[in-house]
Amino acid sequence: MNHSINKQYLPRQVETAAQQYWQDHQSFKAKEDSDREKFYCLSMFPYPSGHLHMGHVRNYTIGDVISRYHRMLGRNVLQPMGWDAFGLPAENAAIQNQVAPARWTYANIDYMRKQLKQLGFAYDWDREIATCHPDYYRWEQWFFTRLISKGLVYKKEAEVNWDPVDQTVLANEQVVDGRGWRSGALVERRRIPQWFIRITAYAQELLDDLEKLQGWPEQVKTMQANWIGRSEGIELEFGVADQSDPRYARLSVYTTRPDTLMGVTYVAVATQHPLAQLAAAHNPALATFIEQQSHVKVAEADMATMEKLGMDTGLKAVHPVSGRQVPIYVANFVLTSYGSGAVMSVPAHDQRDWEFARKYNLEIRQVICPIGNTATPDLSKAAFTGKGILINSGQFDGLDFDAAFSALEAYLHQNNKGRRQVNFRLRDWGVSRQRYWGTPIPVINCNKCGTVPVPDGDLPVILPENVEFDATGSPLKKMPEFFQVDCPQCGGSAERETDTFDTFMESSWYYARFACRDFSSGMLDQRTDYWLPVDQYIGGIEHAILHLLYARFFHKLMRDEGLVTSDEPFTRLLTQGMVLKDGSKMSKSKGNTVDPLALIEKYGADTVRMFTMFAAPPDQSLEWSDSSVEGCYRFLKRLWRIVAEHQPKKLPRLSQKSLNETQKQLRFKTHSTLEKVTDDYGRRQTFNTAIAASMELVNAVSRFQETHDSDLDKAIVTEALSVVVLMLAPVVPHFSHELWFYLGNEKPVIDTPWPQADTEALQRSTVLIVLQVNGKLRGKVEVDNSLDNIALEKLALNHDSVQRYISNTRVQRVIVVPGKLVNIVVSA
RNA sequence: GCCAGCGUGGUGGAAUUGGUAGACACGAUGGAUUCAAAAUCCAUUGCCUUCACGGGCGUGGCGGUUCGAGUCCGCCCGCUGGUACCA
């Protein structure tokens, strides 16, 4: 084993050689092997926007570190990579640069793939997927037609942002201060027919199965549960008085607070509610008001923060219990898409209703009295929103929330005016996009047969890639050769759907396709049974709700189609924080980006990888620092020199007892660090502390070397450095690849098992005890670890550093925490 | 607005189950080496106070629980992500 080594750390040479070795040996090609435990590690695939940014580097380094660690644990690892290739930015680039979205996208993919390869990620590139390729999206189209046949898909009208100048639908992101970002025109809400997938049919299961996700962060599960938003309430009906049209005799509302029903003083309906439209037909002022409210973009945040405005319709609702008539208002904050588009308003016990009532001088009627609190709430200051005892509620007076709920439910049920209802905040998934660069929706509209799914044999519906592109909507709508087709059912002339799918469709099942991406006669094959579910998924926290919920939903749809056998797609989830510079998110528009390529050229991939792992724990945001990158480079140079100048010696079989104290200490440090780092990589996934601990061990080796250079000393150093090189191998794989050979090993570091701590080296006979007086640190003492609590207490009380604080006091209590501390509680 | 996080030295962060606050780095200061510089190495480095020994304060703010709180609870402030057509 005569591995020569350059005394200087030359990252470019080292990295080229290691990458060449991996390529020659096809080290990362993943093969199904039922005899071996698999580990599927997946990082969220990138949108090919042009070049990698630091967020990608961080995401993919985390994934690579976890993959390489599990490989060392002996698992059969699959780590694939692909491209979330459809999306809006390609269309914007097309308009700006006169380049077709397809060409732009493929060029970006080529460039970014090169960057990923330079970073040395252990991907099986044979499984690469680009979602814009028909081999991929054809199965999405096929699956959608399956969902149609199962009744899990339907078409309905839904609102979009319409730019009246560019004559195009705008994404929420493209509406800035209520205006189209290119034209500057005031946006309008427009209702158009769109396709929806019934995610609400799975709402309960999506909620219940969160419990199965033991490997997910609590915060993500909480956010998803709140998003699904299950509530139990009552759906009840008000009558409508003075109505001229018998179709609108009833007004349905949903409430989770039926106990406040007798406090209703008005009813609010959405601007698009039939009653609002009915009233507006005879009321020009109301029509104007409704028209004005239509210039707000279709985003919940805008709806919720805008000034709450309303107008009396002149219509009256009839209370289902008291028969009292209350005004019906149109209110801009009532959501058309949630519940029935109408809400009963109880200003005394709901803050938003209270504010609205104050503004429009509507009655505030208290019907709930706080329990165990004689002070009546001051309803001139705010609503009282807590639960309590009913008052001013006639026959329901004196009941508490639960009793009132039951009593009112029974009353409304008997009178056929309401029933118990479970509601979800979650809305069905609108998948239609009026855009070009996406998967064509595989549906044909025929005047005779209605909507007809494209038959299996005619799939895929291929998106034409050579197109002229401008700002006025999808080019597909101007391509008769695309949309003029014969109806598959009657053969008559028909029109192909020109809308495309939401790109969340592609990212909802790519993880499954990676298991069998070359399968050409179906969506998924048997190989998914081996690889799924994904053992570790890594991606940005910004995907905590939408992407992760859609993917969970899609997995259940595929399960119910018999394509996968598991209930959930991702066993363990790590949500990575953002990369910031000067306190804000790195972005092109802010001009604070750092080019990974320039850094790799200057320091090498290993330094860049190490910095992203060392600077912060993976789930926190990471503050960019040039000098800290420099520091990582310095550490690698220093460690390289220490190893290269060291003469490796094999550690003889020895008894720990034959070592001197310093030798014992270094071996203790080596093996205790190994235990800690193993825990950091595996359970904790705090790679920053794993690196810090490794640095500490290197510092200990340096100090040890100053006074020790016998053959046995060198062997102990060899052991320590070998452990360091193995522990750092997942983070700096090229660096470790080279040094591992130098340390006298024949097998490459990637095929070397993760080391195990030597329990004998971890034995200690003493322990450090902290001495406190009244909780304040007053001393430390190293004691034999066989001392019992009584001996510890005695020793603490007599210790000099304690004595001076307790001499003129009375000892009240002594708290002994074995192996940790003694706290003496005294009073003057 | 609503949901979920986060807030610790000059900076990034550590403190894993309520038990030594500031590990490991960066930066800074001083020194060694050098003709000089780079590189490297050594020392110091939370704040206030003291000649020194030492003492006091200190984890966004206010309060609480506890022998003991960065950690648990309540309220408040600030920042970040998401908010269904950015991905």
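Only this structure's heavy atoms are used, side chains among them; waters, hydrogens and symmetry mates stay out. Numbers restart at 1 for each chain; the letters A, B, ... are given by sequence-line order, proteins then strands. This one's a predicted model, so the numbers in the text were calculated from it and none came from an experiment.
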Expected output: side-chain A:Thr689 to main-chain A:Thr686 donor-acceptor under 3.5 Å: yes
Ring centres under 6.0 angstrom apart (A:Tyr136, A:Trp509): yes
A:Arg425 charged N/C atom sitting above A:Trp227 aromatic ring, 6.0 Å / 45°: yes
For a quick check of understanding: with a heavy-atom distance under 4.0 Å over all strands, which category does A:Lys820 fall into, base, sugar-phosphate or nothing? sugar-phosphate
Is it true that A:Lys297 and A:Glu159 have a side-chain N and a carboxylate O under 4.0 angstrom from each other? no
Give the B/S/- string for nucleotides 82-87 of chain B, one per nucleotide from 5' to 3', where a protein heavy atom under 4.0 Å of the base yields B, of only the sugar-phosphate yields S, and otherwise -. SBBBBB
Whole-Å C1' distance, B:rU20 and B:rC2: 42 Å
Nearest-Å distance, CD (A:Gln351) to P (B:rG1)? 13 Å
Take the angle between the ring planes of A:His547 and A:Tyr537 and call it parallel below 30°, perpendicular above 60°, tilted in between. tilted
A:Phe196 ring centre to A:Lys156 NZ or CZ under 6.0 Å, with the angle to the axis within 45°? yes
Out of B:rA15, B:rG13, B:rG54, whichever nucleotide has its closest atom nearest the side chain of A:Arg684: B:rA15
How long is the line joining CG of A:Asn688 and P of B:rG22, in whole Å? 18 Å
May I ask you to say what A:Asp679 touches in the nucleic acid, namely base, sugar-phosphate or nothing, with a heavy-atom cut-off under 4.0 Å? base
What integer number of Å spans the C1' atoms of B:rA25 and B:rG56? 30 Å
d(NZ, A:Lys637; C1', B:rA25) in whole Å: 16 Å
Give me the distance, rounded to whole Å, that separates B:rG19 from B:rG78 when you measure between the C1' atoms they each carry. 31 Å
Mind checking the C1' distance from B:rC3 to B:rU8? Whole angstroms is fine. 27 Å
Please name all residues satisfying ring pair (Phe, Tyr, Trp, His ring centres under 6.0 Å) with A:Phe504, sequence neighbours left out, ordered by chain then number. A:Tyr550
Take atom CZ of A:Arg703 and atom C1' of B:rC42, then tell me their distance rounded to the nearest Å. 13 Å
Look at the side chain of A:Asp84 and the backbone N and O of A:Pro46, then say whether any donor-acceptor pair between them is shorter than 3.5 Å. no
Same-atom distance (C1') from B:rG82 to B:rA21, integer angstrom: 34 Å
Base, sugar-phosphate or nothing for A:Met306? Non-hydrogen atoms, less than 4.0 Å. nothing
Could you give the CZ-to-C1' distance, from A:Phe333 to B:rG1, as a whole number of Å? 12 Å
Summary of protein contacts for nucleotides 62-79 of chain B, nucleotide by nucleotide, where a base hit scores B, a sugar-phosphate-only hit scores S (4.0 Å, heavy atoms): -----B------------
What nucleic acid atoms does A:Leu768 come within less than 4.0 Å of, heavy atoms only: base, sugar-phosphate, or nothing? base
Give the rounded distance in Å between these two atoms: NZ of A:Lys780 and C1' of B:rG19. 13 Å
Distance between C1' atoms of B:rA14 and B:rG22 (Å, rounded): 7 Å
Compare side-chain N and O positions of A:Arg683 against OP1 and OP2 of B:rU17 and report whether any pair is under 4.0 Å apart. no
Please list, pair by pair, any protein nitrogen or oxygen found under 3.5 Å from a nitrogen or oxygen in nucleotides 5-12 of chain B.
| unit_1 | atom_1 | unit_2 | atom_2 | d |
| --- | --- | --- | --- | --- |
| B:rG12 | O2' | A:Ala615 | O | 2.6 |

Under 3.5 Å: donor-acceptor pair, side chain of A:Gln812, backbone of A:Val825: no
Test for a donor-acceptor pair under 3.5 Å between the base of B:rU16 and the side chain of A:Lys676, counting only N and O atoms. yes
Taking atom P of B:rG13 as reference, at what distance in whole Å does atom CZ of A:Phe635 sit? 20 Å
Where does B:rG82 land, syn or anti, given syn is within 90° of 0? anti
Do A:Arg427 and A:Glu300 meet the salt-bridge criterion of a basic N to acidic O distance under 4.0 Å? no
Side chains of residues 171-179 of chain A: which donor-acceptor partners sit under 3.5 Å, not counting sequence neighbours?
| unit_1 | atom_1 | unit_2 | atom_2 | d |
| --- | --- | --- | --- | --- |
| A:Asn172 | OD1 | A:Asn161 | ND2 | 2.9 |
| A:Gln174 | OE1 | A:Ala171 | N | 2.8 |
| A:Arg179 | NH1 | A:Gly184 | O | 3.0 |

Dot-bracket, RNA chain B: Watson-Crick or G-U, under 3.5 angstrom, [ ] crossing, | other strand? (((((((..(((......[....)))((((((.......))))))((((....))))..(((((..]....))))))))))))....
Would you tell me whether A:Arg638 and A:Ser702 have side-chain atoms, one donor and one acceptor, within less than 3.5 Å of each other? yes
At under 4.0 Å, does any side-chain N or O of A:Arg638 touch on OP1 or OP2 of B:rC41? yes
Going by an N to O cut-off under 4.0 Å, is there a salt bridge joining A:Glu218 and A:Lys221? yes
May I ask you to say whether A:Arg804 pairs ionically with A:Asp800, meaning some side-chain N is under 4.0 Å from a carboxylate O? no
Determine the interatomic distance between P on B:rA69 and the same-named atom on B:rU59; round to the nearest Å. 11 Å
Given B:rA39, is OP1 or OP2 found less than 4.0 Å from the side-chain N or O atoms of A:Arg634? no
Just the rounded figure in Å: distance from P of B:rA25 to OH of A:Tyr633. 19 Å
When you measure from the side chain of A:Asp350 to the backbone N and O of A:Asp353, does any donor-acceptor pair fall under 3.5 Å? yes
More than 12 foreign heavy atoms under 6.0 Å from NZ of A:Lys477: is that the case here? yes
Rounded distance in Å between the P positions of B:rA39 and B:rA87: 46 Å
